[in-house]
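One structure is given here, and the rest of the page talks about it.
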Amino acid sequence: MKILVINPGGTSTKIAVFEDDKQLFKANITHTAEDLKPFHKVFDQFSYRKELILRAVTEQGIELKELSAVAGRGGLMEPIPGGTYAVNDRMVEDMRNAVHGEHPSNLGSVLAKEIGDELGIPSFVVDPVSVDELMPMARISGISDLERPSWFHALNHKAVARWAAERVGKPYEECDLIVAHLGSGNSIVAHKHGQMIDGSGGRTNGPFSPERSGGLPTYPLVELCYSGKYTHEEMVAKLSSVGGMYDYLGTKDAQEVERRMAEGDEKAKLVYEAYVYAIAKEICSYAAAFEGKVDRIVLTGGIAHSDYVVREVGRMTAFLAPMEVVAGEFEMEALALGALRVLRGEETAKVYQ
């Protein structure tokens, strides 16, 4: 069965075609600022991106009529449990109206449905960013006006968690795992019997990352917000895009930070050691969710390529559980495999409502 996978980003549309679980080809269609200038909203880009996708597939010699399904990246939709969802009209309308904000990923499900409908084949999304499986206790923040959110790299989390479960020799739904996605942003999540029951993301809590602040000292943060030193927009940027390592060292490149360490830069060494320590500390904090009985700790994301990070995090968490490393991101594979599980009857497609 051949599956077309569509993953729209801000300046690119990643596509791939899989035959069962084997990737036949992938392409990264880039969009310059000039290309996107005529479009005022994300949804205005729909026809433009669709035409490029279909052209790229046919140029690879793949007949569209050979496709069995289309899987798109899920956008900012209503909070839902993880799994593979059939794209329906309600989902399309929510993406069209940007109910939870404008984002290029909102196009993923709509592109999948239109292409799938034209070919008479099903369309799916898999583990969108809005996946919310937090247990009630994990939502309580300490101020009744604020609820802890579920804002994780759900697609990659679920994919590597399933892989780690295979290594353990049990179904994902029977495993207890702590998965740490380490990239430009972090998300560290407790996966208990197939559910992401607690976790942290780099814009709300948890350790800082190359560009995000992570959790901060709350009272000093309030004082800083009202000090007049920064505008509202500048504070939001400090939390989400120019905080973390960048705020200390002026770079978001972890490899560059490691090079500076090797050259004797003491500040780079301190900040990077603090980064690794904070990751290990956050991982260990989720031991309580499993009463200390954890099957595996899993490191994933781009920074999991770092021997230093893997070695040091592994050293500090070795008492808790063995570690598996699945470096990089597996979003395209995860989308294809989610659709494939439904096509094979191993999983039933969920309904978005």
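Atoms CD and CG, on Glu258 and Asp253 in that order, are 9.5 Å from each other to the nearest 0.5 Å. Between Glu19 atom CD and Ile62 atom CD1 the span is 9.0 Å, to the nearest 0.5 Å. Here the CG-CE distance, from Leu239 to Met235, works out to 5.5 Å after rounding to the nearest 0.5 Å. A distance of 4.0 Å separates CD in Glu211 from NZ in Lys252, rounded to the nearest 0.5 Å. Here the CD1 atom belonging to Ile188 is positioned 8.5 Å from the CG atom belonging to Leu299, to the nearest 0.5 angstrom. Between the CG atom in Leu343 and the CD1 atom in Ile121 there is a gap of 9.0 Å [rounded to 0.5 Å].
Using a 3.5 Å distance cut-off with no hydrogens or angles, the side chains of His157 and Ser187 do pair a donor with an acceptor. Arg148 and Ser141 are not linked by any side-chain donor-acceptor pair at a separation below 3.5 angstrom, with hydrogens and angles left out of the test. Side-chain atoms of Asn186 and Ser200 include no donor-acceptor pair closer than 3.5 Å. With no hydrogens or angles considered, a side-chain donor-acceptor pair links Ser12 and Asn28 at under 3.5 Å.
Glu147 contributes no side-chain N or O that, together with a main-chain N or O of Ile140, makes up a donor-acceptor pair within less than 3.5 Å. Judged by distance alone, the side chain of Glu234 and the main-chain N or O of Thr231 form a donor-acceptor pair under 3.5 Å. Ser306 places a side-chain N or O within 3.5 Å of a backbone atom of Val309 that can act as its donor or acceptor partner. In this structure, the side chain of Ser68 does not engage the main chain of Ile3 through any donor-acceptor pair within 3.5 Å. For the pair Asn106 (side chain) and Val42 (backbone), a donor-acceptor distance under 3.5 Å is absent. With Lys2 contributing its side chain and Glu63 its backbone, the two residues share no donor-acceptor pair below 3.5 Å. Between the side chain of Asp94 and the backbone N or O of Met77 there is no donor-acceptor pair closer than 3.5 Å. At least one donor-acceptor pair under 3.5 Å links the side chain of Asp127 to the backbone N or O of Gly83. A donor-acceptor contact shorter than 3.5 Å is absent between the side chain of Lys192 and the backbone of Cys175.
Listed by first then second residue, pairs satisfying ring-ring contact (aromatic ring centres under 6.0 Å, His included) with a partner in residues 282-309 read Tyr272-Tyr308, not counting sequence neighbours. Within the structure, the ring-ring contact (aromatic ring centres under 6.0 Å, His included) test picks out the following pairs touching residues 15-34 (sequence neighbours left out): His31-Tyr48.
Checked options Lys158, Lys14, Arg73; the residue passing with Glu331 is Arg73 (criterion: salt bridge (Lys or Arg N to Asp or Glu O under 4.0 Å)). Each of Thr204, Val129, Leu134, Val189 was compared with Ser150 under the side chain to side chain contact (heavy atoms under 4.5 Å, CB included) criterion, and only Leu134 meets it.
A salt bridge links Arg139 to Asp132: at least one charged side-chain nitrogen sits closer than 4.0 Å to a carboxylate oxygen. Between Lys269 and Asp265 there is no salt bridge, since no side-chain N of the basic residue sits under 4.0 Å from a carboxylate O of the acidic one. Ion pairing between a basic and an acidic side chain is recognised when a charged N comes within 4.0 Å of a carboxylate O; Glu51 and Arg55 show such pairing. Under 4.0 Å is where a charged nitrogen must lie from a carboxylate oxygen, and between Asp307 and Arg311 no such pair does. A salt bridge does not link Arg259 to Glu263: none of the charged side-chain nitrogens sits closer than 4.0 Å to a carboxylate oxygen. Salt-bridge annotation for Asp176 and Lys293: absent, with no side-chain N of the basic residue lying under 4.0 Å from a carboxylate O of the acidic one. Look at Glu347 and Arg341 and you find a salt bridge, because one of the NZ, NE, NH1 or NH2 atoms lies within 4.0 Å of a carboxylate O, short of that distance.
For Pro128 against Gly74, the heavy-atom pair with the smallest separation is CB-CA, 3.7 Å. Of all the heavy atoms in Ser213 and Lys238, the pair that sits closest is CB-O, 3.8 Å. The shortest non-hydrogen separation linking Arg49 to Gly10 is NH2-O, 3.9 Å. Nearest heavy atoms, His153 versus Gly185: CE1-O, 3.6 Å. When all heavy atoms of Ala71 and Ala112 are compared, the closest pair comes out as C-CB, 4.3 Å.
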In sequence, state the C-alpha distance, the side-chain angles, and the governing distance for His191 and Tyr172, and then conclude on side chain to side chain donor-acceptor pair (under 3.5 Å). CA-CA 9 Å; His191 294 243; Tyr172 170 53; 2.9 Å; yes
side-chain contact (heavy atoms from CB on, under 4.5 Å) between Glu329 and His181, intermediate numbers included: CA-CA 9 Å; Glu329 296 184 359; His181 177 109; 3.6 Å; yes
I would like to know whether Val110 and Glu114 meet side-chain contact (heavy atoms from CB on, under 4.5 Å); could you show each step before the answer? CA-CA 6 Å; Val110 189; Glu114 175 133 332; 5.7 Å; no
Test salt bridge (Lys or Arg N to Asp or Glu O under 4.0 Å) on Glu102 and Lys41; report intermediate values, then the result. CA-CA 8 Å; Glu102 293 270 0; Lys41 294 183 178 180; 5.2 Å; no
Under the side-chain contact (heavy atoms from CB on, under 4.5 Å) rule, what do Tyr85 and Val351 come out as? Steps first, then yes or no, please. CA-CA 6 Å; Tyr85 286 78; Val351 178; 5.9 Å; no
Decide salt bridge (Lys or Arg N to Asp or Glu O under 4.0 Å) for Arg90 and Glu93; before the verdict, give the C-alpha distance in whole Å, the side-chain angles of both, and the deciding distance to 0.1 Å. CA-CA 5 Å; Arg90 168 69 190 276; Glu93 281 306 302; over 6 Å; no
Derivation and outcome, side-chain contact (heavy atoms from CB on, under 4.5 Å), residues Leu340 and Asp20: CA-CA 7 Å; Leu340 187 61; Asp20 295 331; 4.0 Å; yes
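Under the 4.5 Å side-chain contact rule for hydrophobic residues, Val179 and Phe330 share a cluster. Residues Val92 and Val125 share a hydrophobic cluster, clusters being chains of Ile/Leu/Val/Met/Phe/Trp/Tyr side chains in contact below 4.5 Å. Connection of Val70 to Met1 is not established within any shared hydrophobic cluster, with ILVMFWY side chains joined at heavy-atom distances below 4.5 Å, either directly or through further cluster members.
Ile80 is listed as a side-chain neighbour of Tyr352, based on a closest heavy-atom distance under 4.5 Å. In this structure, the side chains of Met196 and Phe152 come closer than 4.5 Å at one or more pairs of heavy atoms. Counting heavy atoms from C-beta outward, Lys50 and Leu107 have side chains that stay 4.5 Å or more apart. Looking at heavy atoms from C-beta onward, Ile197 lies out of side-chain contact with Met137 at the 4.5 angstrom threshold. Looking at Val276 and Pro207, their side chains never come closer than 4.5 Å, going by heavy atoms from C-beta outward. When side chains are defined from C-beta on, Ile115 counts as touching Leu54, because their heavy atoms get closer than 4.5 Å. Glu173 is listed as a side-chain neighbour of Arg162, based on a closest heavy-atom distance under 4.5 Å. Proximity of Ile6 to Thr13: side-chain heavy atoms (C-beta onward) are separated by under 4.5 Å at one or more points.
Ring-plane geometry between Phe208 and Tyr275 is classed as tilted, the angle between the planes lying from 30 to 60 degrees on a 0 to 90 degree scale.
The local environment of OH in Tyr246 is sparse, with at most 12 non-hydrogen atoms from other residues, nucleotides or ligands closer than 6.0 Å.
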